[in-house]
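Okay, so here's the structure we're looking at.
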Amino acid sequence: MPVVTVLMDTPALSGHGRLTKTLERLPGYNRDFMVHVESLPYDGADRTNAETRVRTEMMAGKGPDLFLCGSNFTGYWGDDFNSVPFFRFPQQAMNNQLLLPLDDYIENAGYMEWDKLLPVAMEAGRGKEGQMILPLAYSVGLAAFDKEAYTPPISLPCTWDEMLESNDPSILLAAGDTLAYVLGPIADYERDTLLLSEEEMLAYAKKQHAMWHPSSADEIESLPGQFFCQMSRTGLDPLPMGKNAPEYWMIPTYNRQGGITAWVSVYAAINRNARYPDQAFKIIDYLLGEAAQTRGPVYTELFEGYPVYMGLGSEEAPLDGRWYMNQGNFQEYQKIVSQINQVIFPGPLEKTLHLMGGAHLSEKQLEKNVHESYTLIQMMLAES
């Protein structure tokens with residue numbers, strides 16, 4: 001019986017249990033094929049050794065069949081956390097022919113409905129040879145405001161610069177979480193070059209630094225909103241958004257083009273050297289189907305972000321078989337989704353942007369940080 005090897009790089013090291021539980025309803029699982037899951041250690045020497053071994057196997061024409069990778073979990077963004085995702089730059093993995101083109105498989109898929117998967121997210125997984133990465137879930141950052149207590153003073157959607165020009169404290173907080181949302185893709189991974197100059201990066205950093213920042217927790221508490229939220233399967237973390245929740249204005253960090261930058265929080269891909277690519281795709285196919293995206297434990301208990309299957313979370317299509325937004329919030333979130341115009345796989349470059357600034361910095365220190373960050377980003381691209 002074929003044994004499909006799955007490499008998981010997700011926040012929870014016990015993720016293999018959620019995966020196998022999800023696959024229990026997949027026809028053929030444990031009858032026509034089996035699955036062996038390896039979860040990468042979270043950090044430290046164990047992770048480094050495991051990564052080195054897997055990369056060596058791949059260079060020798062072997063390695064796992066299937067990759068399930070999280071690219072946006074909390075540990076990657078801390079100052080003292082040095083690990084990075086297994087695929088530091090997934091776009092390079094596509095360009096370097098490490099992953100299997102999947103167009104022919106997708107045409108004959110049995111579970112996924114391609115036209116119901118968020119198009120802008122799926123497009124992010126296309127390379128020169130076609131679809132090579134399949135996003136499973138995504139995330140957008142935004143602030144939420146009680147509609148009974150607050151009305152945005154500007155017309156939305158807008159550009160990030162227009163958010164700053166509003167001088168409205170709530171809008172400014174919604175605009176200020178991280179420049180990675182504002183700048184969107186910053187690198188050309190085919191040429192390993194940056195898409196903006198150091199002067200441009202400094203200009204954006206200075207604009208962010210000059211924004212209004214509340215000086216105390218009391219000031220934040222007085223605003224009629226929640227900051228800063230990540231859209232997840234159960235609403236705006238940490239803001240509940242079930243059927244009995246108040247109706248909210250949802251204001252994202254608009255990017256410099258006037259749209260929204262979404263982050264792929266978890267994705268799947270098949271090793272170009274896979275021994276069992278057909279069975280590996282069958283797993284991905286099932287994970288992208290409505291049943292798995294709605295009720296699969298790997299989504300409900302492990303993966304971060306919102307499923308790429310569109311329309312989930314309404315009363316007609318509840319998540320987990322029971323959770324849904326009220327009509328007003330569902331319609332508001334659909335507006336947010338329709339404004340997504342850029343999708344990135346967050347990694348070392350975005351982490352560097354995230355850690356670059358800070359309201360406490362002097363202008364001289366900010367300039368120094370931007371210079372060092374820009375140089376570091378250039379080095380990471382050159383060494384990749």
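What you see below is based on every heavy atom in this structure, not just the backbone, and it leaves out hydrogens, waters and symmetry mates.
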- request: Give the C-alpha distance, both sets of side-chain angles, the deciding distance and a yes or no for salt bridge (charged side-chain N to carboxylate O under 4.0 Å, His left out) between Arg53 and Glu38.
  value: CA-CA 12 Å; Arg53 173 180 54 77; Glu38 177 183 0; 2.3 Å; yes
task: For side-chain contact (heavy atoms from CB on, under 4.5 Å), just list the numbers for Met163 and Cys158, CA-CA rounded to whole Å, side-chain angles, deciding distance to a tenth of an Å, and then say yes or no.
output: CA-CA 7 Å; Met163 296 182 81; Cys158 64; 3.5 Å; yes
- request: Would you sort out whether Gln131 and Tyr105 count as a side-chain hydrogen bond (donor to acceptor under 3.5 Å, both in side chains), showing the intermediate values?
  value: CA-CA 10 Å; Gln131 195 76 34; Tyr105 286 98; over 6 Å; no
Criterion side-chain hydrogen bond (donor to acceptor under 3.5 Å, both in side chains) on Asp320 and Tyr299, from CA distance to verdict: CA-CA 9 Å; Asp320 307 343; Tyr299 287 98; over 6 Å; no
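In the hydrophobic clustering of ILVMFWY residues, with side-chain heavy atoms under 4.5 Å counting as a link, Leu376 and Met356 come out together. In the hydrophobic clustering of ILVMFWY residues, with side-chain heavy atoms under 4.5 Å counting as a link, Phe145 and Ile154 come out together. The hydrophobic clustering, which links ILVMFWY residues whose side-chain heavy atoms are closer than 4.5 Å, places Leu118 and Trp114 together.
With hydrogens and angles ignored, the 3.5 Å screen pairs no side-chain donor or acceptor of Thr151 with any backbone N or O of Lys147. No donor-acceptor pair closer than 3.5 Å links the side chain of Thr294 to the backbone N or O of Ala291. At least one donor-acceptor pair closer than 3.5 Å links the side chain of Asn271 to the backbone N or O of Asn273. No donor-acceptor distance shorter than 3.5 angstrom exists from the side chain of Thr352 to the backbone of Ile377, with no hydrogens or angles considered. A donor-acceptor pair under 3.5 Å is absent between the side-chain atoms of Thr159 and the main chain of Gln257, judged by distance alone. Listed for the Glu57 side chain is no donor-acceptor partner under 3.5 Å among the backbone atoms of Lys62. A distance-only check finds no donor-acceptor pair linking the side chain of Trp249 to the backbone of Ala144 [under 3.5 Å]. The backbone N or O of Thr5 lies less than 3.5 Å from a partner atom in the side chain of Asp65, making a donor-acceptor pair. For His36 (side chain) and Val4 (main-chain N/O), no donor-acceptor pair under 3.5 Å exists by modelled atom type. Formation of a donor-acceptor pair under 3.5 Å by the Lys282 side chain with backbone atoms of Ala109 is not found in this model.
For Asn326, the side chain to side chain contact (heavy atoms under 4.5 Å, CB included) partners at least two apart in sequence or on another chain are Glu247, Asn329. Scored by the side chain to side chain contact (heavy atoms under 4.5 Å, CB included) test, Glu200 finds Leu196, Ser197 as partners (sequence neighbours excluded). Partners of Arg272 by side-chain hydrogen bond (donor to acceptor under 3.5 Å, both in side chains), not counting sequence neighbours, listed by chain and number: Glu129. The side chain to side chain contact (heavy atoms under 4.5 Å, CB included) search around Pro153 returns Tyr150, Asp168, Ile171, not counting sequence neighbours. With sequence neighbours excluded, the residues that form a side chain to side chain contact (heavy atoms under 4.5 Å, CB included) with Ala149 are Asp146, Pro224. Taking Tyr324 as the reference, nothing meets the ring pair (Phe, Tyr, Trp, His ring centres under 6.0 Å) condition, with sequence neighbours excluded. Listed by chain and residue number, Arg191 satisfy the salt bridge (Lys or Arg N to Asp or Glu O under 4.0 Å) test with Asp188 (two or more places apart in sequence, or in another chain). Scored by the side-chain hydrogen bond (donor to acceptor under 3.5 Å, both in side chains) test, Ser373 finds no partners at all (sequence neighbours excluded). Asn255 is linked by a side-chain hydrogen bond (donor to acceptor under 3.5 Å, both in side chains) to Thr261, Asn341, Gln342, counting only residues two or more places apart in sequence or in another chain. Partners of Arg322 by side-chain hydrogen bond (donor to acceptor under 3.5 Å, both in side chains), not counting sequence neighbours: none found.
Listed by first and then second residue, the side chain to side chain donor-acceptor pair (under 3.5 Å) pairs involving residues 26-35 amount to none (not counting sequence neighbours).
Inter-residue side-chain proximity for Leu134 and Met122 is flagged as met; some heavy-atom pair is nearer than 4.5 Å. Looking at Leu68 and Leu7, their side chains never come closer than 4.5 Å, going by heavy atoms from C-beta outward. In this structure, Thr20 and Thr22 have side chains that are not in contact, with every pair of non-hydrogen atoms separated by 4.5 Å or more.
Counting heavy-atom neighbours within 6.0 Å of Arg126 CZ, excluding the residue itself, gives a total above 12. In Arg25, the CZ atom is not crowded: 12 or fewer heavy atoms of neighbouring residues, nucleotides or ligands sit closer than 6.0 Å. Around the CD atom of Gln327, the shell of radius 6.0 Å holds no more than 12 heavy atoms that belong to other residues, nucleotides or ligands.
Remark: Asp285 CG to Leu102 CG distance equals 10.5 Å, nearest 0.5 Å. One distance of note links CD of Glu290 with CD of Gln293; it measures 9.5 Å at 0.5 Å rounding. The distance from atom CG of Leu164 to atom CD of Glu162, rounded to the nearest 0.5 Å, is 10.0 Å. Here the OH-NZ distance, from Tyr309 to Lys116, works out to 4.0 Å after rounding to the nearest 0.5 Å. Note that CG of Asn108 and CZ of Phe281 are 8.5 Å apart. Values are rounded to the nearest 0.5 Å. The distance from atom CG of Leu287 to atom CZ of Phe303, rounded to the nearest 0.5 Å, is 6.5 Å.
Met379 belongs to no multi-residue hydrophobic cluster, having no ILVMFWY side-chain contact under 4.5 Å with any other such residue.
By the 4.0 Å N-to-carboxylate-O rule, Arg88 lies close enough to Glu51 to be salt-bridged with it.
Here the closest non-hydrogen pair linking Ile344 and Ala180 is CD1-O, 4.2 Å. The shortest non-hydrogen separation linking Pro135 to Tyr267 is CA-CB, 3.9 Å. Smallest separation of non-hydrogen atoms from Pro2 and Gln279: CG-NE2, 3.8 Å. Among all heavy-atom pairs drawn from Ile251 and Leu156, the shortest one is CG1-CD1, 3.9 Å. Closest heavy-atom contact between Met1 and Met34: SD-CG, 3.1 Å. The shortest heavy-atom contact between Ser139 and Tyr181 is OG-OH, 4.5 Å.
Taking the six-membered ring for Trp and thresholds of 30 and 60 degrees, Phe86 and Phe67 have nearly parallel ring planes, at less than 30 degrees apart. Using the six-membered ring where Trp is involved, Tyr286 and Tyr111 have ring planes that are perpendicular, over 60° apart on the 30 and 60° scheme.
Tested against Met8, the residues Leu302, Val266, Leu66 include a single side chain to side chain contact (heavy atoms under 4.5 Å, CB included) partner, Leu302.
You'll find the ring centres of Phe345 and Trp263 outside the 6.0 Å limit.
Counted by atom type alone, Asn95 and Gln91 present zero donor-acceptor pairs between their side chains at under 3.5 Å.
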